[in-house]
K.L.:
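Sending over a structure as structure tokens; questions will come in a sec.
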Amino acid sequence: MGFWGAKALLSAVELGVFARLGQGGARLAELTRDLGLHERAARDFLDALVALNLLEREDGVYRNSPETDFFLDRAKPSYVGGLLEMANARLYQSWGGLTEALRTGQRQSEEKEAEDFFGALYSDPERLRGFLAAMSGVSAGPAAMIASKIPWRHYKSFVDVGAAQGMVPVTVARAHPHLSGFGFDLPVVRPVFEEFVARHGLSDRLRFTPGDFFKDPLPKADVIVMGHILHDWSLEEKRALLAKAHEALPKGGMLVAYDAVIDDERRENAFGLLMSLNMLIETPGGFDYTGADCQGWMREAGFAETRVEHLAGPDSMVIGVK
């Protein structure tokens, strides 16, 4: 029954519970009014969030927990709730079709008959912004680890392929003032990327380069980052992207591909395996992979050195050096 608690959290984000309590604690009657809740539902809903350790309650006053205050208050720069907003608006319904997906191998997300999943998603400005914000949410933790684990002092430039809002470029550039970088994504992403970068005061060092990574050459840089990209695509398409990255890098350049990389024994990273099922539901041919899988594909593409390093939570990066 784990979906009960999950949906309670997703509805709390949608209703703005954590944003309201980010302004200060409140009693039941205040929250019922401010959030537009029905009196029958409000007390059980809010107390369920207390029991799930998502809220605190003392002397009848509800407050955010330290974690929800930091991560789920929309007013804070640390907000990662975009991922939960997408889970609520799109994935929750799509996962209801898991059994059909397992029997047919066909994706179950909205507009499932469309051949170009990302084209359909990106054609709706509101859904596009929601998706890009979700990618920032899922990339915030890995981005911080990439900024600290890669020996950036040896490099001058980088490009984030499939940059979305720009969470990785912003995080890396903020930590390393000597670096300049590019966000590479479809042209429609440009205003969202440039707005996000400008908000962080990094427009002088981070630029947007429009393109389609299957049709256009990748920008040349010392380091290429592909975050939550490879798992979207079929094996043939994965190999094509790795070959393009190898071609774009200078000798000694580095490719950093990160996803919820499955452990080689396929026993431990439950999130990575469930994410692969999510790719079944969301995409025509995508799937997640083990570190050994990706290292093998990188060596086939010509990378001389490869390794796997854990980042945060279920995410790891597979590194290839040309």
K.L.:
Between the main-chain N or O of M279 and the side-chain N or O of R107, is there a donor-acceptor pair closer than 3.5 Å?
P.N.:
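Judged by distance alone, no pair lies under 3.5 Å.
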
K.L.:
Run the numbers on F182 and V161 for side-chain contact (heavy atoms from CB on, under 4.5 Å), then give the verdict.
P.N.:
CA-CA 8 Å; F182 302 89; V161 174; over 6 Å; no

K.L.:
Please report, to 0.1 Å, the donor-acceptor pairs under 3.5 Å made by any side chain of residues 245-252, with sequence neighbours excluded.
P.N.:
unit_1	atom_1	unit_2	atom_2	d
H246	NE2	G302	O	3.1

K.L.:
Roughly how far, to the nearest 0.5 Å, is CD1 of I262 from SG of C294?
P.N.:
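Output value for this atom pair is 11.5 Å.
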
K.L.:
Between D315 and H310, do the side chains contain an N or O donor and an N or O acceptor separated by less than 3.5 Å?
P.N.:
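The criterion, which ignores hydrogens and geometry beyond distance, is not satisfied for H310 and D315.
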
K.L.:
Using 4.0 Å as the upper bound for N to carboxylate O, is an ion pair formed by E237 and R239?
P.N.:
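No.
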
K.L.:
Within the 4.5 Å heavy-atom criterion, are L132 and F193 side-chain neighbours or not?
P.N.:
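Counting from C-beta outward, L132 and F193 never come under 4.5 Å.
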
K.L.:
Over all heavy atoms of both residues, which pair between I281 and S94 is shortest? Give the atoms and the distance, please.
P.N.:
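Residues I281 and S94, closest heavy atoms: CG2-CB, 3.7 Å.
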
K.L.:
Determine, stepwise, if the pair F3 / Y92 fulfils side-chain contact (heavy atoms from CB on, under 4.5 Å).
P.N.:
CA-CA 9 Å; F3 68 91; Y92 184 78; 3.9 Å; yes

K.L.:
So do F18 and D69 actually touch side chain to side chain, heavy atoms under 4.5 Å?
P.N.:
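Of all side-chain heavy-atom pairs linking F18 with D69, none is under 4.5 Å.
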
K.L.:
Would you give me the side-chain donor-acceptor pairs under 3.5 Å for residues 214-225, sequence neighbours excluded?
P.N.:
unit_1	atom_1	unit_2	atom_2	d
D216	OD2	D212	N	2.8
D222	OD2	K156	N	2.9
D222	OD2	S157	N	3.3

K.L.:
Taking the side chain as every heavy atom from C-beta outward, state whether L277 and L102 have any atom pair closer than 4.5 Å.
P.N.:
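Touching, per the 4.5 Å side-chain cut-off.
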
K.L.:
Under 6.0 Å from the six-membered ring centre of F70 and within 45° of its axis: does the NZ or CZ of K76 meet both?
P.N.:
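Here K76 fails the 6.0 Å and 45° test against F70.
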
K.L.:
Hey, are T306 and R299 close enough side-chain-wise for a donor-acceptor pair under 3.5 Å?
P.N.:
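On atom types as modelled, these side chains qualify, holding a pair under 3.5 Å.
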
K.L.:
Mark yes or no for whether N269, through its side chain, and D263, through its backbone, hold a donor-acceptor pair below 3.5 Å.
P.N.:
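No; judged by distance alone, with no hydrogens or angles, the pair does not exist.
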
K.L.:
Salt bridge or not between E39 and R33? Use side-chain N to carboxylate O under 4.0 Å.
P.N.:
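Looking at R33 together with E39, the answer is no, because their closest N to O distance does not fall below 4.0 Å.
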
K.L.:
Using the side-chain contact (heavy atoms from CB on, under 4.5 Å) rule, take L255 and I319 through it: C-alpha gap first, then chi angles, then the decisive distance, then the call.
P.N.:
CA-CA 6 Å; L255 169 63; I319 293 172; over 6 Å; no

K.L.:
In this structure, is the centre-to-centre distance between the rings of W152 and F158 below 6.0 Å?
P.N.:
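Yes - the distance between ring centres of F158 and W152 falls below the 6.0 Å cut-off.
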
K.L.:
Just checking R43: does its CZ atom have more than 12 heavy atoms from other residues, nucleotides or ligands closer to it than 6.0 angstrom?
P.N.:
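Atom CZ in R43 is not crowded, with 12 or fewer foreign heavy atoms closer than 6.0 Å.
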
K.L.:
Kindly indicate, with the supporting measurements, whether the criterion salt bridge (Lys or Arg N to Asp or Glu O under 4.0 Å) is fulfilled by R90 and E282.
P.N.:
CA-CA 10 Å; R90 296 183 55 244; E282 285 276 274; 2.9 Å; yes

K.L.:
Is a side-chain donor or acceptor of T68 paired with a backbone partner of L54 at a separation under 3.5 angstrom?
P.N.:
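Indeed, once roles are kept as given, a pair shorter than 3.5 Å links the two residues.
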
K.L.:
Quick test of your reading of the model: are E194 and R207 salt-bridged, counting only N-O distances below 4.0 Å?
P.N.:
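Judged by the 4.0 Å cut-off on N to carboxylate O distance, E194 and R207 do not form a salt bridge.
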
K.L.:
Could you report the tightest heavy-atom contact between A312 and P142, atom names first, then the distance?
P.N.:
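Heavy atoms of A312 and P142 come nearest at CB-N, 4.4 Å.
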
K.L.:
Output the distance between atom CD (E236) and atom CG (L241), rounded to the nearest 0.5 Å.
P.N.:
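The CG atom of L241 is 11.0 Å from CD of E236, to the nearest 0.5 Å.
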
K.L.:
Using a 3.5 Å distance criterion without hydrogens, assess whether the side chain of R63 forms a donor-acceptor pair with backbone atoms of G24.
P.N.:
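Checked: no pair found.
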
K.L.:
Quick one: does any side-chain atom of S276 pair with a main-chain N or O of D288 as donor and acceptor, under 3.5 Å?
P.N.:
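Judged by distance alone, yes, a pair lies under 3.5 Å.
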
K.L.:
Are M317 and I150 packed together at the side-chain level, in the sense that at least one heavy-atom pair is separated by less than 4.5 angstrom?
P.N.:
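Side chain of M317 against side chain of I150, heavy atoms only: contact under 4.5 Å found.
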
K.L.:
Do V168 and V138 share a hydrophobic cluster, counting only Ile, Leu, Val, Met, Phe, Trp and Tyr and linking them when any side-chain heavy atoms are less than 4.5 Å apart?
P.N.:
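Cluster IDs for V168 and V138 match.
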
K.L.:
Determine yes or no for a side-chain-to-main-chain donor-acceptor pair under 3.5 angstrom, with E58 supplying the side chain and E56 the backbone.
P.N.:
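No, E58 side chain to E56 backbone: no donor-acceptor pair under 3.5 Å.
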
K.L.:
Would you say that T171 contacts I146 through its side chain, given a criterion of any heavy-atom pair below 4.5 Å between the two side chains?
P.N.:
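Heavy-atom side-chain distance check fails, nothing below 4.5 Å.
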
K.L.:
Would you call K244 and F213 a side-chain contact if the rule is heavy atoms closer than 4.5 Å?
P.N.:
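No, too far: nothing below the 4.5 Å cut-off.
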
K.L.:
Hey, are the side chains of L72 and L9 touching, using non-hydrogen atoms and a 4.5 Å cut-off?
P.N.:
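Contact flag for L72/L9 side chains = yes.
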
K.L.:
Could you report the tightest heavy-atom contact between P169 and D160, atom names first, then the distance?
P.N.:
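Result for this residue pair: CD-OD2, 3.3 Å.
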
K.L.:
Run the salt bridge (Lys or Arg N to Asp or Glu O under 4.0 Å) check on K238 and E300 step by step: do they pass?
P.N.:
CA-CA 12 Å; K238 285 175 169 64; E300 289 174 5; over 6 Å; no

K.L.:
Please report the closest heavy-atom contact between D185 and A163, naming both atoms and the distance.
P.N.:
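Smallest heavy-atom distance, with atoms named: OD2-N, 3.2 Å.
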
K.L.:
Do H231 and F287 have their ring centres less than 6.0 Å from each other?
P.N.:
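No, the ring centres sit 6.0 Å or more apart.
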
K.L.:
If you define the side chain from C-beta out and look only at heavy atoms, does anything of V17 sit under 4.5 Å from Y62?
P.N.:
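In short, these two side chains do not touch, never coming nearer than 4.5 Å.
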
K.L.:
If you count the non-hydrogen atoms of other residues, nucleotides and ligands that lie under 6.0 Å from CZ in R199, is the total more than 12?
P.N.:
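Buried by this count: over 12 neighbours within 6.0 Å.
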
K.L.:
Assess whether salt bridge (Lys or Arg N to Asp or Glu O under 4.0 Å) is satisfied between E309 and R307, documenting all intermediate values.
P.N.:
CA-CA 7 Å; E309 291 190 33; R307 66 182 186 273; 2.8 Å; yes

K.L.:
Can you tell me if NE2 on H178 sees more than 12 non-hydrogen neighbours from other groups inside 6.0 Å?
P.N.:
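Buried by this count: over 12 neighbours within 6.0 Å.
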
K.L.:
So does M275 get a backbone contact from the side chain of N278, meaning a donor-acceptor N/O pair under 3.5 Å?
P.N.:
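Here the side-chain-to-backbone pair does not exist.
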
K.L.:
Membership question, hydrophobic clusters at under 4.5 Å side-chain separation (ILVMFWY): are M86 and V188 in the same one?
P.N.:
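Yes, same cluster.
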
K.L.:
Are V50 and L15 connected, step by step, through hydrophobic side chains (Ile, Leu, Val, Met, Phe, Trp, Tyr) whose heavy atoms are closer than 4.5 Å?
P.N.:
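Linked, V50 and L15 end up in one cluster.
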
K.L.:
Just verifying a value: how many Å separate L230 CG and L242 CG, rounded to the nearest 0.5 Å?
P.N.:
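Answer for the CG-CG pair, L230 versus L242, is 5.0 Å.
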
K.L.:
Between K7 and S11, do the side chains contain an N or O donor and an N or O acceptor separated by less than 3.5 Å?
P.N.:
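Looking only at side-chain atoms, S11 and K7 do form a donor-acceptor pair, the distance falling under 3.5 Å.
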
K.L.:
Using a 3.5 Å distance criterion without hydrogens, assess whether the side chain of D73 forms a donor-acceptor pair with backbone atoms of A75.
P.N.:
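Side chain of D73 to backbone of A75, a donor-acceptor pair under 3.5 Å: yes, one is there.
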
K.L.:
Please round to the nearest 0.5 Å and tell me the distance separating atom CD of Q23 and atom CG of N64.
P.N.:
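Rounded to the nearest 0.5 Å, the CD-CG separation comes to 10.5 Å.
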
K.L.:
Determine whether a donor-acceptor pair (N or O, by modelled atom type, separation under 3.5 Å) exists between the side chain of H228 and the backbone of M135.
P.N.:
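Side chain of H228 to backbone of M135: no pair is present.
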
K.L.:
Out of W297, W233, Y258, which one pairs with Y289 under the ring pair (Phe, Tyr, Trp, His ring centres under 6.0 Å) rule?
P.N.:
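The residue from W297, W233, Y258 that satisfies ring pair (Phe, Tyr, Trp, His ring centres under 6.0 Å) with Y289 turns out to be W297.
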
K.L.:
Under a 3.5 Å distance rule, please check whether H38 uses its side chain to pair with a backbone N or O of R40 as donor and acceptor.
P.N.:
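Such a contact is found between H38 side chain and R40 backbone.
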
